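Heads up, the thing below is written out as structure tokens.
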Amino acid sequence: VLLVGLTACVPMGPQRSTVAVGASSPGQPAVALTFDDGPDGRWTPQILAILDRYGVKATFFEVGQSVAARPDLTADIVRRGHAVANHTYSHPNLARLGVASIDTQIDQATAAIQSAGGGTPTCVRPPGGSRNARVDQRIAAHGMSEMMWSVDPQDWRRPGTGAIIQRATAVTPGGVILLHDGGGDRSQTVAALPAIIENLQSRGYTFVKICPQR
Ligand SMILES: [Zn+2]
């Protein structure tokens with residue numbers, strides 16, 4: 001399903017995605033910050049505090065079992081005006097799963113998000129970006145869009161705060177930046193986030209959330 005518009009998720013290949021942001025007009029470039037693998041009791045609150053400080057909205061691709069463990073964090077994300085989307089229930093490689101297992105991963109994550117008060121997610125981001133025709137088809141069959149990214153700073157590898165800043169700020173208008181608020185030590189991501197936001201804001205970028213839940 002290819003959608004275009006401010007709220008659309010536009011799949012463009014295994015690790016390439018550009019969000020069709022309506023605000024991405026000349027002089028008003030827009031970019032989307034996305035955070036995967038949370039929520040996490042240590043890192044998610046720190047990231048939320050930074051986003052609030054700068055008045056920036058973002059999108060969180062959450063792991064269902066982590067939502068089930070800390071539904072209060074998902075509720076907090078939504079209360080602060082961010083978007084919550086589906087990053088499967090237990091973060092498997094979907095390309096290695098059959099139809100029934102893919103469906104279970106999607107459905108259980110959606111149920112966990114709904115139970116937490118996060119609404120109904122409209123997008124799935126396959127863990128690791130691993131997808132194939134079957135994965136694409138099952139996501140579409142759920143009436144959901146598949147959302148990838150355009151810039152991967154590889155923050156989960158902990159390359160250093162400076163590297164994360166440099167890579168993230170190489171984004172171009174309409175881009176989608178992939179970062180992580182869970183799945184390991186995210187101290188470098190937290191440390192890099194203010195500089196990423198300040199850099200992009202100083203260059204005229206606005207931040208938009210994508211994949212809003214229903
Ligand atoms: Zn992930």
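Whatever order the structure lists ligands and atoms in, that order sets their numbers, starting from 1. Just so it is clear, the structure is predicted and the values come from calculations on it, not from any experiment. In this chain, numbering begins with 1 at the start of the sequence shown.
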**Asked** Less than 4.0 Å between a side-chain N and a carboxylate O, is that true for Asp40 and Arg42?
**Response** no

**Request:** Answer yes when Asp36 and Arg125 have at least one side-chain N-carboxylate O distance shorter than 4.0 Å, and no when they do not.
**Result:**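 Here Asp36 pairs with Arg125 in a salt bridge, since their nearest N and O are under 4.0 Å apart.
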
**Asked** Taking all non-hydrogen atoms of both residues, which atom of Phe207 and which atom of Gln201 are closest, and how far apart?
**Response** CE1-CG, 3.6 Å

**Prompt:** Near the Zn ion (ligand 1), meaning under 2.8 Å, how many protein N/O/S atoms are there?
**Reply:**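 Step by step: take the Zn ion (ligand 1), keep protein N, O, S below 2.8 Å, and you get 3.
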
**Asked** Can Tyr54 be reached from Ile47 by stepping across I, L, V, M, F, W or Y side chains whose heavy atoms are under 4.5 Å apart?
**Response**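 The answer is yes; both residues are in one hydrophobic cluster.
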
**Asked** About how many Å separate CG of Leu178 and CZ of Phe35, when rounded to the nearest 0.5 Å?
**Response** 10.0 Å

**Asked** Can you tell me how far OH of Tyr205 sits from OG1 of Thr169, rounded to the nearest 0.5 angstrom?
**Response**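 Taking OG1 in Thr169 and OH in Tyr205, the distance rounds to 9.5 Å.
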
